[in-house]
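Both counts, for ligands and for their atoms, begin at 1 and track the order of listing. Treat the numbers as computed from the prediction; the structure is a model and nothing was measured.
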Amino acid sequence: MPTLNFAVLAGDYIGPEVMDQALRVLDRLARLEGLSLAPVPADVGGAAIDRHGKALPESTLAVCQKADAILFGSVGGPKWEKLPPKEQPERAALLPLRKHFTLFANIRPGILYRELAGASPLKNERIPDGIDIVCIRELTGGLYFGLPKETTSLPDGDLRAVDTMVYRRSEIERILETAIASARSRRRRLCSVDKANVLETSVLWRKTATEYVARKAPDIELSHMYVDNAAMQLVRNPNQFDVIVTENMFGDILSDEMACVCGSLGMLSSASLGAGRNSLGLPFGLFEPAGGTAPDIAGKGIANPCAQILSAALMLRYSFGLEAPASRLEGAVRRAVSAGARTADIAFGGPSVGTAAMADAVIAQL
Ligand code: IPM
Ligand code: MG
């Protein structure tokens, strides 16, 4: 029986609440599919700051290193907001994990089920069939990690800060590879988003995308769009896109906008795939809900566990190569929602269930 070795980094506030339920659902799925689960929990984020003095302790990194994938909850919240920015849970846990495991490919599906169209701020007639797009964001380059990155005092007493946007052609090509694979599993349309009218990195990005797709993926229909226009098009008509591929900072912003047009953050999953291979020869990855720790609803048992469950499905697909169980899990979430199970975030004021009952509804559909 295949054993799934993965690290469980639940994090803060609603993180552990939705993680518990996702593990319960996974457990049931594993029994149905004849899989054996070997989750190893470790502290991360604010919880790790409280217990070990830092957001990503060495002991946690060691657990991740031994695993084939990381199932991640969410980190941060008001309790640690007074710390210096560099020590805050989000920055001090997520960014080093991305860097350490070279998690360069961030896959964020933008899915809105037809029956949840009311959760979107867009008028229903713009999205009669819901939304189904995906944003592929480069995650280890660009402004986030480029050097120099510093603040200096100038002789005249002024302060000067600099971040560096830098990309190599090889970094652009490897994220294009991920985007092409995604497009091939969908409608074969890829939109590369840049700011080539202003930025040098974007000129290289556009040229690389054009040449690479022509050479390696002539079956893919490639288009280019400036990022400001892409931001506008996402609210005008999100379904004009199939797969979006873009650099780190643009992807950070556009994926939040996409999450917003898709209604509730409680339904959106994500995968961050690494350059390295796990013990199965598949991409090592970190899988996390798109939303945050939601401190305002933490402890009430009302958070939506679907994003965490769907992130576990992505883990099965990408890091364990288990396409059928992954689809089965995604199908169960969809059917649970269709059958009327709703947490408060997707209930539009109607009757709603709590976190555990939502997970029960998914289990019932497995
Ligand atoms: C995200 C988040 C992170 C990012 C923050 C928490 C550092 O916004 O995953 O999109 O900017 O990448
Ligand atoms: Mg973000």
Checklist entry - Does the pair Arg215/Glu211 count as a salt bridge with the N-to-O cut at 4.0 Å? => result no
Next on the checklist: Below 3.5 Å, N or O to N or O, backbone or side chain included: is there any such pair between Asp252 and ligand 1?
Outcome noted: yes
Checklist entry - Given Leu159 and Thr152, is the side-chain contact (heavy atoms from CB on, under 4.5 Å) satisfied, shown in steps? => result CA-CA 6 Å; Leu159 279 174; Thr152 42; over 6 Å; no
Item to check | Short N or O distance, Glu90 and ligand 1, threshold 3.5 Å exclusive | outcome: no
Item to check | Whether Tyr13 and Trp80 hold their rings parallel, tilted or perpendicular, with breakpoints at 30° and 60° | outcome: perpendicular
Next on the checklist: Looking at atom 5 (C) of ligand 1, tell me if a protein heavy atom falls under 4.0 Å from it.
Outcome noted: no
Item to check | Basic-acidic side-chain contact under 4.0 Å: Asp242, Arg189 | outcome: no
Checklist outcome for this item: re atom 7 (C) of ligand 1, the protein heavy-atom contact at minimum distance is Leu95 CD2, 4.1 Å
Checklist entry - What residue and atom, counting heavy atoms only, is the protein's closest point to atom 9 (O) of ligand 1, and at what distance? => result Arg98 NH2, 2.7 Å
Next on the checklist: Could you identify the N, O or S atom of Asp252 positioned closest to the Mg ion (ligand 2)?
Outcome noted: OD1
Next on the checklist: Heavy-atom pairs closer than 4.0 Å: do any link ligand 1 to the side chain of Arg137, the backbone, both, or neither?
Outcome noted: side chain
Item to check | Distance-only N or O hit between ligand 1 and Tyr144, under 3.5 Å | outcome: yes
Checklist entry - Is the NZ or CZ atom of Lys195 positioned over Phe250's six-membered ring, under 6.0 angstrom from the centre and within 45° of the axis? => result no
Item to check | Non-hydrogen atom of Arg108 closer than 4.0 Å to ligand 1 | outcome: yes
Checklist entry - Below 4.0 angstrom, N of the basic side chain to O of the carboxylate: do Glu87 and Arg91 qualify? => result no
Checklist entry - What is the ring orientation for Phe101 with Phe284, classed by angle as parallel under 30°, tilted 30 to 60°, or perpendicular over 60°? => result parallel
Checklist entry - Is the closest heavy-atom distance from Glu288 to ligand 1 below 4.0 Å? => result no
Checklist entry - Do Arg236's NZ or CZ and the ring of Phe241 fall within the cation-pi criteria of under 6.0 Å and 45°? => result no
Next on the checklist: With a cut-off of 2.8 Å, does Asp256 put an N/O/S atom close enough to the Mg ion (ligand 2)?
Outcome noted: no
